[in-house]
Amino acid sequence: MNVYGTELNSRLMLGTAQYPSPAIMAEAVKASGCDIVTVSLRRESGAERAGQAFWGIVRELGLKVLPNTAGCHSAKEAITTAEMAREVFGTPWVKLEVIADHDTLQPDVFGLVEAARELVSQGFEVFPYTTEDLGVADRLVDAGCEVLMPWGAPIGSGRGLANVPGLKTLRSRYPELPLVIDAGLGLPSHAAHAMELGYDAVLLNTAVAKAGDPVIMAGAFARAVEAGRAAFLADPIEARDMATPSTPVFGMAFQD
Amino acid sequence: MRIIVNGERREVEGLALAEVLDELGYGGTVVATAVNERFVPQDGRQDLALSDGDRVEVLAPMQGG
């Protein structure tokens, strides 16, 4: 998979938040085999310097980082956060989140398009956290986004793909554009489902970090993503309403 | 001078943003800064003179999804 000119070996991207410990986070990341981890920026205390230790652990992993603008509720906030992230993390990549609603954490698609347009003009390579809405997708692509990251379900909900027909339609509209399911997955089967629909990758965090054993779950998701991708490439059969015998009927005994 | 750093009121002696960061213990840290909601790049911190009441944000890498 290629995103913004970067070739990726893994189709799983993993968040770094909510793990029981930094050591378990690092082990889970390794077990997932991911190439990209998502990170964020938060207020730093000059006395505690908590962010410095975290950054040291992430750098040791030697992976690509995708900084997010999580928690931003306006285009202006998201743009400033992205500018700060670019300097700290040394990457033009940004997982652009502009949040509309506290309860659903649904993207504010108006602010998202506005921020994407500005950030692309500043040379950022934007990974927008969006919905499956085609009109919004068109505007994000017009703004210069070369990847789209529609939600599967609300962030952290673990519900899997809430609008499969909508996600299929988005895939059909953009057959060549990298599409990543971001948010809402809870089980490896959800990730496999996304990949079977032809999505290029999935981005996870809570499903792994809050599992009883995040390291085992990271490995389970890695295998599910690979299985789902292989299934998509193998061209699955169409579902039918009626049974059709798999064992040949021709040549059966006791037939007239 | 009284400013607000990461949402908390602070009394500082330095004038330039770079001086104030050193004064508050951020020397040698990987941080990004904004003043009054505008990004201030690292190479602009020495030339940016703070004023009474300015709101300074000092952010560092953190866990994210």
Side-chain angles (χ1 to χ4, degrees), chain A residues 13-19 22 25 37-59 65-71 74 76-77 79-90 95 97 105 122 129 155-156 182-183 203-209, chain B:
Chain A
M13 306 174 188
L14 197 58
T16 55
Q18 304 187 87
Y19 292 84
M25 182 270 285
V37 290
T38 56
V39 292
S40 189
L41 282 177
R42 286 293 180 267
R43 285 172 167 172
E44 179 81 326
S45 154
E48 294 168 10
R49 299 182 169 211
Q52 309 304 306
F54 168 72
W55 185 220
I57 292 166
V58 171
R59 287 171 77 166
V65 294
L66 176 58
N68 70 29
T69 62
S74 70
K76 185 171 183 292
E77 269 180 65
I79 291 165
T80 303
T81 302
E83 290 169 331
M84 297 171 88
R86 176 162 63 176
E87 181 178 87
V88 162
F89 295 109
K95 179 188 163 187
E97 296 183 37
L105 299 180
Q122 289 189 29
Y129 163 62
I155 295 172
D182 176 11
L203 198 164
L204 306 165
N205 190 344
T206 308
V208 170
Chain B
M1 175 171 59
R2 286 181 182 177
I3 59 173
I4 297 169
V5 179
N6 287 347
E8 291 182 6
R9 292 174 189 219
R10 303 295 293 259
E11 182 85 33
V12 296
E13 294 187 356
L15 284 177
L17 176 59
E19 294 165 12
V20 169
L21 290 176
D22 277 343
E23 190 182 327
L24 296 176
Y26 291 104
T29 56
V30 177
V31 291
T33 51
V35 174
N36 301 330
E37 281 87 53
R38 281 181 179 274
F39 170 55
V40 180
Q42 194 169 5
D43 60 13
R45 291 177 195 160
Q46 194 61 53
D47 295 333
L48 192 133
L50 293 171
S51 305
D52 228 26
D54 275 351
R55 299 181 309 282
V56 178
E57 293 288 339
V58 186
L59 306 187
M62 201 58 68
Q63 294 86 345

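In what follows, every chain begins at residue 1, and chains take the letters A, B, ... in the order their sequences are listed.
Between the side chain of B/R38 and the main chain of A/T80, no donor-acceptor pair closer than 3.5 Å is present. Here the side chain of A/T16 pairs a donor or acceptor atom with the backbone of B/G64 at under 3.5 angstrom. Put simply, the side chain of B/N6 never gets that close to the backbone of A/S45: no donor and acceptor are under 3.5 Å apart.
With a threshold of 4.5 angstrom between heavy atoms, A/R49 approaches chain B through side-chain atoms but not through N, CA, C or O. With a 4.5 Å cut-off on non-hydrogen atoms, A/F89 touches chain B through its side chain but not through its backbone. For A/E97, the part lying under 4.5 angstrom from a heavy atom of chain B is the side chain only.
Here the CZ atom belonging to B/F39 is positioned 11.0 Å from the OG1 atom belonging to A/T81, to the nearest 0.5 angstrom. Between atom CD of residue B/E57 and atom CE of residue A/M84 there is a gap of 6.5 Å, rounded to the nearest 0.5 Å. The CD atom of B/Q63 lies 10.5 Å from the OH atom of A/Y19; values are rounded to the nearest 0.5 Å.
Nearest heavy-atom pair across B/P61 and A/V88 is CG-CG1, 3.6 Å. Between B/Y26 and A/E44 the shortest heavy-atom distance is OH-O, 2.5 Å. Looking at every heavy atom in both residues, B/A60 comes nearest to A/Q52 through CB-NE2, 3.7 Å. Contact record, B/G65 with A/A17: N-CB, 4.4 Å, taken as the closest heavy-atom pair.
Taking 4.0 Å as the cut-off between side-chain N and carboxylate O, B/R45 and A/E87 count as a salt-bridged pair.
Heavy atoms from other residues, nucleotides or ligands lying under 6.0 Å from CD of A/Q122 number more than 12. In the displayed structure, B/E11 atom CD is contacted under 6.0 Å by more than 12 heavy atoms of other residues, nucleotides or ligands.
Between A/R43 and B/L59, some side-chain heavy-atom pair lies under the 4.5 Å cut-off.
The greatest number of non-hydrogen atom pairs below 4.5 Å with chain A, out of B/V58, B/V30, B/L24, is found for B/V30.
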